[in-house]
Number of protein chains: 2
Amino acid sequence: MQSSERLNLTFAALADPTRRAILARLATGEATVTELAVPFEMSQPAISKHLKVLERAGLISMDVDAQRRPRRLETKGLKEAVDWIERYREIFEQNYQRLDALLGELQAKPSRRKRTHK
Amino acid sequence: MQSSERLNLTFAALADPTRRAILARLATGEATVTELAVPFEMSQPAISKHLKVLERAGLISMDVDAQRRPRRLETKGLKEAVDWIERYREIFEQNYQRLDALLGELQAKPSRRKRTHK
DNA sequence: GCCGTACATTACCTTTAGGTTATGTATCTG
DNA sequence: CAGATACATAACCTAAAGGTAATGTACGGC
């Protein structure tokens, strides 16, 4: 898979609060589908779908234990997302400092340029 | 807005490759809508939509310069996403080490538990 | 003042996401 | 071996995402 494609899957997976909650739960240790479903007002198939999304993104993996299918966290998928976001974080922060400087300048010597921040 | 809601918007915004490319472009400095649209085989309204998504997520902001609407990066939205992901990164990595240990143990003393990694 | 530029906005379409209920399939248990 | 348990899978629905073409609007330049 392309790096860009994996980033799509990872960020999309993280965009859902149910899935983030599942990851938070799995951070405390592995859990079965039934266990994961308990906190949510949602059917079991819905949870299974979320788990499939997380698995495709490489954020979790599955064990086989009799009729149980416990899930656990996986670092693979997250690594790349972290890398991407970290890479831009610096630039974002540099940019922020530049903006601060600019705003200071504008306050000292106002022009017709307006800033919308809605 | 709730923190969770902002995370939804931010991660969803980052999940699209066009939007990540726009952020990458803006990391080199502010740019107008027309300039941002050039690299993409996509209509201008489509780019405007993407910009609106990025703005709602707090990842960019807008200036007003005559009929131009240059965009620039904004740190606000990203900060929280970074925080979230960083917080879990540690746990993810701890978990990975625990997994390593477990796998070592399984190799030494195999059980009926299988691992699927598809 | 009129035209071109640089957008935003609207109406619309198609695909995908997230949920449901119903059902299928292993596997343990009495 | 007959449930019960723990899931996955299928069929379906609705809403939202991502795209389009057409149009509206504000501004600068000739």
Side-chain angles (χ1 to χ4, degrees), chain A residues 4-5 7-23 25-26 30-57 59-72 111-116 118, chain B residues 4-5 7-23 25-26 30-57 59-72 111-116 118:
Chain A
S4 170
E5 231 175 299
L7 281 174
N8 296 352
L9 294 177
T10 305
F11 283 127
L14 294 177
D16 186 281
T18 302
R19 288 192 290 261
R20 287 198 305 274
I22 289 175
L23 292 179
R25 167 68 185 78
L26 289 179
E30 68 168 34
T32 67
V33 177
T34 310
E35 286 165 2
L36 290 171
V38 171
F40 304 102
E41 293 180 344
M42 203 179 292
S43 65
Q44 168 260 313
I47 299 295
S48 286
K49 273 197 183 185
H50 282 303
L51 292 174
K52 189 167 286 185
V53 172
L54 290 169
E55 187 169 351
R56 285 208 60 204
L59 293 171
I60 65 174
S61 64
M62 191 180 74
D63 284 347
V64 174
D65 174 24
Q67 71 269 55
R68 254 148 265 133
R69 298 290 180 274
R71 307 310 215 273
R72 66 156 61 98
S111 82
R112 93 195 125 72
R113 278 207 168 190
K114 281 163 287 178
R115 187 97 199 304
T116 71
K118 69 157 187 214
Chain B
S4 170
E5 231 176 299
L7 281 175
N8 296 352
L9 293 177
T10 305
F11 283 128
L14 294 178
D16 186 281
T18 302
R19 289 192 291 261
R20 287 198 306 274
I22 288 175
L23 292 178
R25 167 67 184 79
L26 288 178
E30 68 169 32
T32 66
V33 176
T34 311
E35 286 164 2
L36 289 171
V38 172
F40 304 103
E41 295 179 345
M42 204 178 291
S43 66
Q44 168 259 314
I47 300 294
S48 286
K49 272 198 183 182
H50 282 304
L51 292 174
K52 189 167 286 183
V53 173
L54 290 169
E55 187 169 352
R56 284 208 63 204
L59 293 171
I60 65 173
S61 63
M62 192 180 72
D63 285 348
V64 175
D65 174 23
Q67 71 269 54
R68 254 149 264 131
R69 296 289 180 276
R71 306 310 215 275
R72 67 155 62 96
S111 82
R112 92 194 124 75
R113 278 205 169 192
K114 280 163 288 179
R115 184 100 199 304
T116 71
K118 66 156 180 209

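So that the names make sense, note that chain A is the first sequence line, chain B the second, and so on, each numbered from 1. Since the structure is predicted, the reported quantities are computational estimates derived from the model, not experimental observations.
If you measure from atom CG of A/Asn8 to atom P of D/dA17, you get 16 Å, rounded to the nearest angstrom. Going from atom CE of B/Met62 over to atom P of C/dA8 covers 7 Å, rounded to whole Å. In this structure, the CG atom of A/Asp65 is 11 Å from the C1' atom of C/dT27, given to the nearest Å. A/Lys52 places its NZ atom 14 Å from the P atom of D/dC7, with the value rounded to the nearest Å. Atom CZ of B/Arg69 is separated from atom P of D/dA26 by 10 Å (rounded to the nearest Å). In this structure, B/Glu55 places its CD atom 10 Å from P of C/dT9, rounding to the nearest Å. Whole-Å rounding puts the A/Gln67 CD to C/dT29 P distance at 8 Å. In this entry the distance linking CG of A/Leu51 with C1' of D/dC7 reads 11 Å, nearest Å.
Residue B/Arg68 has its side chain nearest to C/dC7 when only C/dC7, C/dG4, C/dA8 are considered.
Looking only at side-chain heavy atoms (C-beta outward), B/Ile60 and B/Leu51 come within less than 4.5 Å of each other. Here the side chains of B/His50 and B/Ile22 are in contact, with some heavy-atom distance below 4.5 Å. Side-chain contact between A/Leu59 and A/Leu14 is present, with heavy atoms from C-beta onward closer than 4.5 Å.
Residues satisfying the side chain to side chain contact (heavy atoms under 4.5 Å, CB included) test with A/Ala46, not counting sequence neighbours, are A/Met42, A/Ser43.
Residue A/Arg71 places at least one side-chain N or O under 4.0 Å from the OP1 or OP2 atom of D/dA8. For the OP1/OP2 pair of D/dT9 and a distance below 4.0 Å, the side-chain nitrogens and oxygens of A/Ser48 include no atom meeting the criterion. For B/Thr34 and C/dT5, the shortest distance from a side-chain N or O to OP1 or OP2 is not below 4.0 Å.
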Protein heavy-atom contacts under 4.0 Å, written 5' to 3' over nucleotides 15-22 of chain C as B (base), S (sugar-phosphate only) or - (none), form the string ---BBBBB
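For the pair B/Arg72 and B/Asp63, the salt-bridge criterion is met [side-chain N within less than 4.0 Å of a carboxylate O].
Within a 6.0 Å radius of CZ in B/Arg56, other residues, nucleotides and ligands contribute 12 heavy atoms or fewer.
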Quick one: side chains of residues 32-41 of chain A, donor-acceptor pairs under 3.5 Å with protein atoms, not counting sequence neighbours, listed by atom name and distance.
| unit_1 | atom_1 | unit_2 | atom_2 | d |
| --- | --- | --- | --- | --- |
| A/Thr32 | OG1 | A/Glu35 | N | 3.2 |
| A/Glu35 | OE1 | A/Thr32 | N | 3.0 |

